[in-house]
Every structure is written in C-alpha cells, then in structure tokens.
Amino acid sequence: KVESTMYALIQHDDIKSRKLADEIDGLELYMMEGSTNKIPIHLVWQIISRKKRPKAVVLRYLNDSNSFVKSLIRLITTVITILLTLILRIKLVWICHNFDKESKEYFHLIVKLRRRLVIYFSNKILVTDKLLIEHAEEFLKVNKSKIDYITFGRPVFFNSSKPDINIMRKIIEFTKDKDQNTLIGLSIGNPNAKVLQPFYTHDLVNKSKKSNIKIKIILGGPIGDYIKQQDINVYNELINDKDILFLDQIVNINEEYISQYIDFYWRVYDDFSVPFTVYNAVYLKKPILTMNKGFLGEMVRIYNIGTVLDNNFSNIDKALSSLKKDRNQLFQLFIDSHNWGVGADKIYNTIKNL
C-alpha cells in the first residue's frame, strides 16, 4: 500500500470497514469507532489533528434506539454531521445496507426523517449489490446517476471469540447418522423482524419427509424468546422436532470447520439487503436455500448460488434436488465479482471522482 494524502472517514470499526480499508490504495479510510453520535466529534478532531479536511464522510447504518431521547439525539447528530459536511465542503457518501428499512426501527418517523436527510444530502449512495440499483432507484426516489454499488468479500471465519466446543460436538453428533438422501442445513443468526427462516423451518423439514430428499436443520442463535413472542406454536414445533437442532443461545463456532458437516445454508429475508451469510456460503462453496421473499430470493436465483422455494413449497422436490448440483464454477464467478478488492475500488473511485 502506498501512503495516501487523501483520507475519508467511515462509520464503524468492524470487519467490513477494516477489510475495505485494507484493500484501498490511494485513500486512507479512518474508521470511526463507537456510537454514531460521535461522528461529528471524530470529524472535527481529525480535521484539527491532521490540519486537513477529509475528502468524504461515509455513513453506513442508520439504526434506531429503543429510547426516544437517544433516538432524537441520533437525529440531531445526523443533522450536525450533514451541516458540517456542507459548511466544510466535504462529500457525503451513504453505504445503504438496507434501503427499504433499517434493521432496528422503534420510532419510525424519526428514522424516516434521518433517512430522507441522508438520501437528499448524500453525494453518492452505494447499495450492496449491483442487482439492487434498480430497486434503490425506485424505492429511494433518486436519480440512478446518484446510485452505485459495492461488494463485500471473503469472511474472516476465525473470529476473536473462542469456538464453543460443546456446541461444535452437538452439531457433529446431530449430523453423524445422515445418509445420501439427507441434507443438513445451517441457519445461525440473531432475532430480527426481517429474518423469517425460523418460522418456516419446521414446515420445511416436515414437507421434505414426503420428498426423495430429507432435510435436517441446525437452527442457532438467541432467538427463542423472540419466536415465543411471535408464535408460541412455532417455538414448540422447533424444540420438539428431532430433525431440528435448536441451539437457542449465542453460537460461537468455527464455521469453516463445521462446513464439512453441512450441505447448504438456510436463510429467508423479507427486506432488500444482502445478508453476509451469502458470502459465508459462497466462499465455503455451499448453496443457499431460500424462499421467494425479499431480495435474497432474487439474488440466489440470478447468480444461481442456490435454490429458491416457492412460498407454498410446491416446488420442494425440484428445489431440494437442485441443492446437490455442482456449483463450484458459479461460486467462483460470484467470488470474482464480489470481493473486498472490488468493493474497495468502488469506494476509492466514488470518493476520488466526487
């Protein structure tokens, strides 16, 4: 990497920001860690300490707080950030992870106002896949010239949290008796209104019993209380189905190691976003099983990185058979066009040309 005199600030010090920063040449990406309310402080401090304005501020998530006061403070912080970029002639870029709605929304009018402000004052909006550009143009009601896309890339499978050996053993034990007509699916996540697969898991397993291919699912994450609140019957079905390993807790596993015991990823979203699970699946060369809901179904179908169930399961035989298809070349095509280098180049060229 060459030392750069051009820099930009990006919201959040997480794996996505770090990986993009590592891949960029000619631009330093300074990661603003901590609360989003600190963004104006980060901005002013970097200008003072460097004696130089950044080329751009890159916003990402606009998630809400369940406290009205904190939600209001986030709105005020967003306004201050926008004002600073306008006064100091700094470009504003928004990486729009979820353009139809934020993952966490409690006070919808406040979130809507924050989003409208960021949409209006952004110099560029970057969605997380090229297939999302047309959807974003229609939903955000902005000119297509204002929208571009970035990609992510290979996940870091060895994260800092130590794998839970007991959970790893449970998964291996659950998968050991499978035969050639049984496929094991993995679904691990957190409770979220947009994540639907827990509510279809029992039906999937049950309907597969009438197919030539039987399905067993590893369903993990601290999701039990959320499922109970939504539908107690679904919760009871999940805990009583012997073909579902329901790990109702935070699940720390070595996903790369566990991949040898699974056949596919099971994921259903109803929003317009790209779950990072897509990258886990493709880079581990496992197909994704989803349903005809949200953007994920479209993404899986067009890139052919898995199979899409009809919402009434009418194509279950064909869909499950399709999971056995050799997709290695298709996975590689996806990786060639979806990696940290592509994402970094998009951010660099976007900021450079603003």
Side-chain angles (χ1 to χ4, degrees), residues 170-189 194-221 223 227 230-248 251 253 255 258-270 275 277-278 280-282 284-331 334:
K170 283 182 182 178
I171 291 173
I172 294 168
E173 181 71 19
F174 179 72
T175 65
K176 72 174 186 178
D177 293 329
K178 66 169 270 189
D179 57 35
Q180 62 179 4
N181 293 320
T182 301
L183 297 177
I184 309 290
L186 180 67
S187 174
I188 295 173
K194 69 182 181 181
V195 180
L196 302 183
Q197 74 271 6
F199 300 95
Y200 292 97
T201 297
H202 174 72
D203 285 344
L204 171 65
V205 169
N206 206 33
K207 290 182 184 298
S208 78
K209 292 173 183 175
K210 299 175 184 176
S211 175
N212 294 325
I213 298 171
K214 183 181 175 183
I215 293 295
K216 296 177 75 173
I217 299 288
I218 301 157
L219 183 67
I223 57 178
I227 294 171
Q230 301 299 313
D231 193 328
I232 188 65
N233 293 325
V234 168
Y235 178 80
N236 289 329
E237 288 169 347
L238 292 173
I239 62 173
N240 291 315
D241 194 325
K242 64 181 178 60
D243 291 321
I244 299 171
L245 177 60
F246 188 22
L247 303 167
D248 184 16
V251 176
I253 58 172
E255 203 162 323
I258 286 296
S259 68
Q260 66 187 296
Y261 298 99
I262 69 165
D263 300 294
F264 66 94
Y265 279 75
W266 165 232
R267 209 75 172 164
V268 183
Y269 276 54
D270 74 343
T277 303
V278 169
N280 291 34
V282 170
L284 290 174
K285 294 185 166 40
K286 302 292 178 182
I288 299 163
L289 178 64
T290 188
M291 296 178 73
N292 195 20
K293 298 176 184 290
F295 173 67
L296 182 58
E298 178 183 338
M299 187 177 191
V300 167
R301 184 176 63 253
I302 291 176
Y303 290 122
N304 206 354
I305 52 176
T307 188
V308 181
L309 278 166
D310 290 338
N311 292 337
N312 61 1
F313 294 92
S314 60
N315 67 333
I316 190 165
D317 289 332
K318 183 179 179 181
L320 298 186
S321 296
S322 177
L323 290 174
K324 292 188 171 186
K325 177 181 175 182
D326 182 356
R327 285 186 168 82
N328 285 340
Q329 284 187 323
L330 295 165
F331 291 146
F334 185 90

State, yes or no, whether a side-chain contact exists between [X] and [Y] at a heavy-atom distance under 4.5 Å.
{"X": "T182", "Y": "I213", "result": "no"}
{"X": "N304", "Y": "K325", "result": "yes"}
{"X": "I227", "Y": "F199", "result": "yes"}
{"X": "L245", "Y": "L219", "result": "no"}
{"X": "T201", "Y": "L238", "result": "yes"}
{"X": "I217", "Y": "D243", "result": "no"}
{"X": "I215", "Y": "F264", "result": "yes"}
{"X": "I288", "Y": "W266", "result": "no"}

With a distance cut-off below 6.0 Å to the six-membered ring centre and an angular limit of 45° from the axis, does K216 pair with F174 as a cation-pi contact?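 The answer is yes, since K216 meets both limits relative to F174.
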
What is the distance from atom [atom1] of [X] to atom [atom2] of [Y], rounded to the nearest 0.5 Å?
{"X": "I258", "Y": "I253", "atom1": "CD1", "atom2": "CD1", "result": "5.5 Å"}
{"X": "M291", "Y": "N311", "atom1": "CE", "atom2": "CG", "result": "5.0 Å"}
{"X": "Y235", "Y": "H202", "atom1": "OH", "atom2": "NE2", "result": "15.0 Å"}
{"X": "K286", "Y": "L186", "atom1": "NZ", "atom2": "CG", "result": "10.5 Å"}
{"X": "L330", "Y": "I305", "atom1": "CG", "atom2": "CD1", "result": "9.5 Å"}

Who are the side chain to side chain contact (heavy atoms under 4.5 Å, CB included) partners of N240, not counting sequence neighbours? N236

Test your reading of the model: is there a side-chain donor-acceptor pair from [X] to the backbone of [Y], 3.5 Å cut-off?
{"X": "D326", "Y": "N328", "result": "yes"}
{"X": "N315", "Y": "V308", "result": "yes"}
{"X": "Q197", "Y": "V268", "result": "yes"}
{"X": "R267", "Y": "I188", "result": "yes"}
{"X": "D310", "Y": "N312", "result": "no"}

Give a yes or no on whether [X] atom [atom1] has more than 12 heavy-atom contacts from other residues, nucleotides or ligands under 6.0 Å away.
{"X": "K170", "atom1": "NZ", "value": "no"}
{"X": "K210", "atom1": "NZ", "value": "no"}
{"X": "K318", "atom1": "NZ", "value": "no"}
{"X": "Q260", "atom1": "CD", "value": "yes"}

Steps toward side chain to side chain contact (heavy atoms under 4.5 Å, CB included) verdict (I171, L247): CA-CA 9 Å; I171 291 173; L247 303 167; 4.2 Å; yes

What's the verdict on side chain to side chain contact (heavy atoms under 4.5 Å, CB included) for L309 and L204, showing C-alpha distance, side-chain angles and the deciding distance? CA-CA 10 Å; L309 278 166; L204 171 65; 3.7 Å; yes

Polar side chain donor-acceptor pair, [X] to [Y], under 3.5 angstrom:
{"X": "K293", "Y": "Y200", "answer": "yes"}
{"X": "R327", "Y": "T307", "answer": "no"}
{"X": "T277", "Y": "N280", "answer": "no"}

Please lay out, stage by stage, how V278 and F334 fare under the test side chain to side chain contact (heavy atoms under 4.5 Å, CB included). CA-CA 10 Å; V278 169; F334 185 90; 3.8 Å; yes

What closest approach, in Å, do [X] and [Y] show between heavy atoms, and which atom pair accounts for it?
{"X": "I316", "Y": "S208", "value": "CD1-N, 3.8 Å"}
{"X": "G297", "Y": "T290", "value": "CA-CG2, 3.8 Å"}
{"X": "L323", "Y": "P287", "value": "O-CG, 3.6 Å"}
{"X": "G221", "Y": "V251", "value": "N-CG2, 3.5 Å"}
{"X": "I223", "Y": "P198", "value": "CD1-CG, 4.2 Å"}

Among K324, K178, K214, exactly one meets salt bridge (Lys or Arg N to Asp or Glu O under 4.0 Å) together with D263. Which residue is that?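 The single option meeting the salt bridge (Lys or Arg N to Asp or Glu O under 4.0 Å) with D263 is K178.
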
For a side chain to side chain contact (heavy atoms under 4.5 Å, CB included) check, start with the C-alpha distance between Y303 and E298, then their side-chain angles and the critical distance, and finish with the verdict. CA-CA 8 Å; Y303 290 122; E298 178 183 338; over 6 Å; no

